[in-house]
Amino acid sequence: NKAIVLSVLAVSAGFGQGISRTQGAGFRVNYWNITGQTTRIDVDNLSGQTNVNISGVGASAYYFSRAYRDLFLEMSIVVVSGIEVGPADISISDYKVESLVPFLVGLRYDFLSTRVSGAIHPYLAAGGGPYSTIIVQGKDTIIYGDSGQNSFESRMEYGWYIGGGVNFVLMSWLAINADLKYHSIDFADFKDYSGLQLGIGASIMWGRKRAIYEITDVKLVVSDIYPVYYQFYKNYPIALVTVRNMVGHPI
């Protein structure tokens, strides 16, 4: 039936146009080597000592809103931490927790969604904002219950990022994605955290769907329709309708 065919065509067209909703929010798991070292865990069975070094893992939450067509405003907060513990045994534990917390605002451009149909849609992104670093380190004497010497340090600096990624659109309201960003942030006289951030996650979208077509003109050719002329109407148009494709690829 005609209604079913039209519904299938509409769903197929919507599936192929990338991020069709106006707003969305998501969550990513990130890897970012903020300590500049290799992630490893070393255990010495003879001495009972353990060294743990996690170079930088964390998570980010983000929100985006369509600014114009394939251009989105994106805001995100990222928390990445590097952990060093060791050498640690039953009596003494040295530790250092180094965290980087950026709050970022930027623009994302889905550069192929209006030209290529399908579920995979790459994008480019750029932006900036404040980057805060928090470092907690110290030495605990475990066997005596002594907290030992501990220190806390926090700083903030502005930086920027540029990168790209890809959205795999599962439904009009759900997508999984992966991205790679390069961050540039140099804490003067302290440390340069510039480097690559890899993220994998998912997003949920809501809001009005993006229009896939627009009727620009309707012209009525025949004003009066008579049943006895049905053979004539088979070959002669009753009305002319102009439809403009808003997606960019064939529907």
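Not measured: the values here are computed from a predicted model.
Leu240 and Tyr233 end up in the same hydrophobic cluster when Ile, Leu, Val, Met, Phe, Trp and Tyr side chains are linked at under 4.5 Å. Under the 4.5 Å side-chain contact rule for hydrophobic residues, Leu196 and Val80 do not share a cluster. Transitive grouping of hydrophobic side chains (ILVMFWY, heavy atoms separated by less than 4.5 Å) keeps Tyr68 and Tyr109 in distinct clusters. Under a hydrophobic-cluster definition in which Ile, Leu, Val, Met, Phe, Trp and Tyr are linked whenever side-chain heavy atoms come within less than 4.5 Å, directly or via other members, Val241 and Tyr213 are assigned to the same cluster. In terms of hydrophobic clustering, with Ile, Leu, Val, Met, Phe, Trp and Tyr side chains grouped at heavy-atom distances under 4.5 Å, Trp32 and Ile135 are assigned to a common cluster.
Interatomic distance, NE2 of His183 versus CD1 of Ile162, reported as 11.5 Å (0.5 Å rounding). Annotation: the span from Leu174 atom CG to Met205 atom CE amounts to 6.5 Å, rounded to 0.5 Å. Here Glu84 contributes atom CD and Gln137 contributes atom CD; the two are 9.0 Å apart, rounded to the nearest 0.5 Å. Taking CZ of Arg40 as the reference point, atom CG of Asn51 lies at 7.0 Å (rounded to 0.5 Å). The distance from atom OH of Tyr123 to atom CZ of Phe64, rounded to the nearest 0.5 Å, is 9.5 Å. The structure places CG of Asn33 at 12.0 Å from CD1 of Ile54, a figure rounded to the nearest 0.5 Å.
Of all heavy-atom pairs between Gly106 and Leu73, the closest is O-CD1, 3.5 Å. Here the closest heavy-atom approach between residue Gly82 and residue Ile34 is recorded as N-CD1, 3.7 Å. Minimum heavy-atom separation, Ser60 to Asn30: OG-ND2, 3.1 Å. In plain terms, the two heavy atoms of Met156 and Ser132 that are nearest each other are CG-OG, 3.5 Å. Minimum interatomic distance between Glu153 and Phe190 (heavy atoms only, all atoms of both residues): OE2-CE1, 3.9 Å. Contact between Thr39 and Ser55 at its shortest, heavy atoms only, is OG1-OG, 2.7 Å.
Within the 4.5 Å cutoff, the side chain of Val136 has heavy atoms near those of the Tyr95 side chain. Side-chain contact check for Met171 versus Trp173: some heavy-atom pair is nearer than 4.5 Å. In this structure the side chain of Val221 never reaches within 4.5 angstrom of the side chain of Ile238, judged on heavy atoms. With a 4.5 Å cut-off on side-chain heavy atoms, Pro102 and Tyr193 do not count as touching. In this structure, the side chains of Arg21 and Ser172 come closer than 4.5 Å at one or more pairs of heavy atoms. Annotation: side chain of Tyr229 is not in contact with side chain of Asp224 (no heavy-atom distance under 4.5 Å). Side-chain contact check for Tyr131 versus Tyr161: some heavy-atom pair is nearer than 4.5 Å. Lys191 is not listed as a side-chain neighbour of Leu100, based on a closest heavy-atom distance of 4.5 Å or more.
The backbone N or O of Ala25 lies less than 3.5 Å from no partner atom in the side chain of Ser203, so there is not a single donor-acceptor pair. At distances below 3.5 Å, at least one donor-acceptor pair connects side-chain atoms of Thr133 with backbone N or O atoms of Ser99. Remark: the backbone N or O of Ser194 is paired with a side-chain donor or acceptor of Asp192 at under 3.5 angstrom. Judged by distance alone, the side chain of Ser184 and the main-chain N or O of Trp160 form no donor-acceptor pair under 3.5 Å.
Using a 4.0 Å cut-off between charged side-chain N and carboxylate O, Glu157 and Arg155 make no salt bridge. Look at Asp179 and Lys181 and you find a salt bridge, because one of the NZ, NE, NH1 or NH2 atoms lies within 4.0 Å of a carboxylate O, short of that distance.
The neighbour count for Ile204 CD1, taken as heavy atoms of other residues, nucleotides or ligands under 6.0 Å away, does not exceed 12. By the 6.0 Å contact criterion, CZ on Phe152 is enclosed, its count of non-hydrogen atoms from other residues, nucleotides or ligands being greater than 12.
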Inset, instruction - Please lay out, stage by stage, how His121 and Asp70 fare under the test side-chain contact (heavy atoms from CB on, under 4.5 Å). - result: CA-CA 11 Å; His121 295 276; Asp70 298 320; over 6 Å; no
Inset, instruction - Starting from the C-alpha separation in whole Å, work towards a yes-or-no answer on side-chain contact (heavy atoms from CB on, under 4.5 Å) for Ile200 and Val29. - result: CA-CA 5 Å; Ile200 300 175; Val29 177; 5.6 Å; no
Inset, instruction - Given side-chain contact (heavy atoms from CB on, under 4.5 Å), test Ile176 with Leu170 step by step and report yes or no. - result: CA-CA 7 Å; Ile176 58 177; Leu170 302 177; 4.3 Å; yes
